[in-house]
Number of protein chains: 4
Amino acid sequence: MKIYMAPLNEEQLDKKKRERKEQIMRAALKVFADNGVKLTKISMIAKEAKVSHGLVYHYFDSKDEILYESIEYGMQENMVEQFFNDLNDSRRTPLEKIKQFTRFAFKESDTGISNMVFRIVQQLNVVNGLPDHIHELVENAGKFYIEALTPLFLDGQKRGEIIQGDTEELLGVYLTVLSSIMADDPSFWRENLEWKVEILLRMISIR
Amino acid sequence: MKIYMAPLNEEQLDKKKRERKEQIMRAALKVFADNGVKLTKISMIAKEAKVSHGLVYHYFDSKDEILYESIEYGMQENMVEQFFNDLNDSRRTPLEKIKQFTRFAFKESDTGISNMVFRIVQQLNVVNGLPDHIHELVENAGKFYIEALTPLFLDGQKRGEIIQGDTEELLGVYLTVLSSIMADDPSFWRENLEWKVEILLRMISIR
Amino acid sequence: MKIYMAPLNEEQLDKKKRERKEQIMRAALKVFADNGVKLTKISMIAKEAKVSHGLVYHYFDSKDEILYESIEYGMQENMVEQFFNDLNDSRRTPLEKIKQFTRFAFKESDTGISNMVFRIVQQLNVVNGLPDHIHELVENAGKFYIEALTPLFLDGQKRGEIIQGDTEELLGVYLTVLSSIMADDPSFWRENLEWKVEILLRMISIR
Amino acid sequence: MKIYMAPLNEEQLDKKKRERKEQIMRAALKVFADNGVKLTKISMIAKEAKVSHGLVYHYFDSKDEILYESIEYGMQENMVEQFFNDLNDSRRTPLEKIKQFTRFAFKESDTGISNMVFRIVQQLNVVNGLPDHIHELVENAGKFYIEALTPLFLDGQKRGEIIQGDTEELLGVYLTVLSSIMADDPSFWRENLEWKVEILLRMISIR
DNA sequence: GATGAATGAGAATTCATTCAT
DNA sequence: GATGAATGAATTCTCATTCAT
């Protein structure tokens, strides 16, 4: 299920090439997420991907393009959509599902690109002067999370699990908190994760 | 009241000079807080202070020293301590006091240096590779907030206003959330501030 | 007499600064003229001007801006207009005046920026992908020469000194030849100049 | 007829291989002639030759070698000598022959490598810092044209078709003009070619 | 042979820092 | 003290050249 953007993996990219690009994009996502886009140097991406900086430019035209394609790739490849689908199938309550999402946001995994995209996208939401196409991509990716979570919040409010109030605004606060704290120090949050997730959920849950 | 660091030998600085330095340090705090330390350029500080960048170097030896002295100055001069003192005098409940602190953390004020220091310090808490003396200063400043807030949390827990659990860890989560979200986009939080503060407090409060 | 562009020397540029800029622009004109714009490296300009490359960027934002301002400066400062004015005052025949212009085109002088501009402008006339504002400037500068010489050619044709035929096209050929040969190796043309100028003039003159 | 340089040991190159090399050299000559040697990128040659850039390096060791061998090839293969032979056989007057040569210099043809070599060689005549062996080759190639044209000029002077004066110098001027203007914008000269050739010839002809 | 992946030296540009006035 | 001129190290990006497949 590809949602917002043209498919990346054109058939003409043979497997090898695609894997190389993905290797670089995964490295880029990690470094962008950890250091912020502006502070990320090409050399850091190259180092993380264990290739020369020249090779990065063999596959991408510019830093902006690395960013763009990496986010695109992250949205395609990652399991976010799958995750939400699974979530919606399950018989958990809305609040349980939001907890599940919160957990997932912090989860680190090498293939688990998903939350890196989330972090990058949230960082970029605040930045001015982005090239238009990137801005649009970021906006779309942001909307994706909002659209996926809004029904859960609405349902939770109807069932009395979640506090009343403007749903959109409430979700906005929750997402902003999530993305901000992930940006800062993900490792902090992974310690004692369950308990911290409970604390965060208290912001919106009725007890 | 100087807390953690060597005195600024201000006696030998004549008034004029001290005022100049302060003008620059106030500008630096603002720009550091808004843009992050690494992304702050000397020219931005100079512009904010309405002086030439050359003059900045007349008073400070390096960017690191600007940072160091500015934090130091912010801790000295600012009203944080006064604030906490007032808070402790008052007859509010601990939770009320924490709410007051939370409000304060977001408040913008040109003279109000206090929360800029808080923001900078929290940003730096996460950064690697800081010069030792800065790292130490940041750590001390961080501790200051912890030490000031711990009694409030303890008291709140005793009174049953605040949820049980490891106090230190609970405070840690709360401070981390606060500092992270301030780093990202202070203006977002200033809209509809009271309501957002309520939401944040729900993390720790018992209702 | 400023013709095509806004004045450069705003009063607020103090003398020192203006002189420095001019020093760099003169160097740039020389290097651009000798090596072509694309092959000119900032370091070459810096070296010719005997300054660091950093200083070049203190005065100019980019290579394109150096080019733009240098041409602008060359058109302002140089003696081209004065030259044409003098020429038109004089009692020479049109052909004599064209000979005078031809001589002038080859003349080298350190202050004599004029023919460097001529060369650069003619080089750029052929290049694609120039930024718009530069393209416009180049076009205007090119037109200047055409407009200044057209009356001489017309008059010469009327008087029977210059061969008949489409004046514009004839002038086009003459200017193209002049600029091309100056681009290649000015020093060659300076040897035995008078004789070579005679040869060139034979293209258009009736004997 | 090979003139200036060591044989290309073509006997041991099988036909296929030689054809491949020639394909690349023809492409190189075209691209060098159109863009100048320094501004020509290997990728441009590869693209023109419709091969990968890797293959270019399979047949040549370096850009310099491509240049060297291509000029060499152009001098060998092309029809210049044949052309001059034909010219000398014919019963035209010397001036007619020079006109013929001038026309030829501008003529574009995909197989017609001859004038590309002429252009490249003339461009390089002016460049400093060429590797020695290339410099020598360029010099020899230049001499070839001079040697071929000198008799025509001498004869023309004797017959009173061409103006008097130092023959060598007169030829030098004529060749310099030709090569310079070809370097700049060949397409300009192809429009209305005959008329422009007439104009150029006026430089040396007696009417 | 043929491709294009991979490397690294070099060029434009930014910015902390020093220095002359 | 105050300005901004001047420098050079670091960063993004280009391209000749080498190498694995």
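Note on naming: letters A, B, ... go to the chains in the order of the sequence lines (proteins, then strands), and numbering restarts at 1 for each one. A quick note: this is a predicted structure, and the numbers were derived from the prediction, not measured.
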Does the side chain of D:Leu137 reach to within under 4.5 Å of the side chain of D:Leu67, using non-hydrogen atoms? no
Quick one, D:Asp64 and D:Tyr68 - any side-chain contact, counting heavy atoms below 4.5 Å? no
Is [X] close enough to [N] that one of its side-chain N or O atoms is under 4.0 Å from OP1 or OP2 there?
X: A:His58; N: E:dA6; answer: no
X: C:Arg20; N: F:dA6; answer: yes
X: A:Tyr57; N: F:dT14; answer: no

Between [X] ([atom1]) and [N] ([atom2]), how many Å, whole number?
X: A:Arg18; N: E:dA5; atom1: CZ; atom2: C1'; result: 17 Å
X: D:Asn35; N: F:dC15; atom1: CG; atom2: C1'; result: 15 Å
X: B:Ile45; N: E:dA16; atom1: CD1; atom2: P; result: 9 Å
X: B:Lys21; N: F:dA2; atom1: NZ; atom2: P; result: 13 Å
X: A:Ile24; N: E:dA6; atom1: CD1; atom2: C1'; result: 10 Å
X: B:Met44; N: E:dC15; atom1: CE; atom2: P; result: 9 Å
X: B:Asp61; N: E:dA16; atom1: CG; atom2: C1'; result: 13 Å
X: A:Leu39; N: F:dT12; atom1: CG; atom2: P; result: 11 Å

Indicate, with a heavy-atom threshold strictly under 4.0 Å, whether A:Leu55 touches base, sugar-phosphate, or nothing. base
Under 4.0 angstrom, heavy atoms only, what part of the nucleic acid is C:Phe60 near: base, sugar-phosphate, or nothing?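 No contact at all - C:Phe60 keeps every heavy atom at 4.0 Å or more from the nucleic acid.
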With nearest nucleotide decided by heavy atoms, which residue, A:Tyr59 or C:Thr40, maps closer to the 5′ end of DNA chain E? A:Tyr59
Salt-bridge criterion met for B:Lys21 and B:Glu69 (N-O under 4.0 Å):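 Salt bridge: yes.
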Taking A:Arg18 first and then A:Asp14, would you say they form a salt bridge - that is, a charged N and a carboxylate O separated by under 4.0 Å? no
Per [X] side chain, nearest of listed nucleotides [options]:
X: B:Ser52; options: F:dT12, E:dA12, F:dT3; value: F:dT3
X: C:Lys63; options: E:dA6, E:dT3, E:dT13; value: E:dT13
X: D:Lys41; options: F:dT7, F:dC15, F:dT14; value: F:dC15

Look through every strand shown and name the nucleotide pairing with F:dG8 as Watson-Crick or G-U wobble, where both distances are under 3.5 Å.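 Pairing partner: E:dC15.
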For E:dT21, give its Watson-Crick or G-U wobble partner with both distances under 3.5 Å, or none. F:dA2
Given the structure, check if the side chain of C:His53 and the base of F:dA6 hold any donor-acceptor pair shorter than 3.5 Å. no
Specify the residue among B:Val51 and D:Ser43 whose closest nucleotide of DNA chain F lies further upstream toward the 5′ end. B:Val51
The answer to which of C:Val56 and A:Ile42 contacts DNA chain F further toward the 5' end, by nearest nucleotide, is C:Val56
Using modelled atom types and a 3.5 Å cut-off, is there a donor and acceptor pairing between side-chain atoms of C:Lys63 and backbone atoms of C:Thr40?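 The answer is yes, because a donor-acceptor pair under 3.5 Å joins these two groups.
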Flag, side chain of B:Gln23 to backbone of B:Ala49, donor-acceptor distance under 3.5 Å: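 Yes, the answer is positive, given that a donor and an acceptor are paired below the 3.5 Å cut-off.
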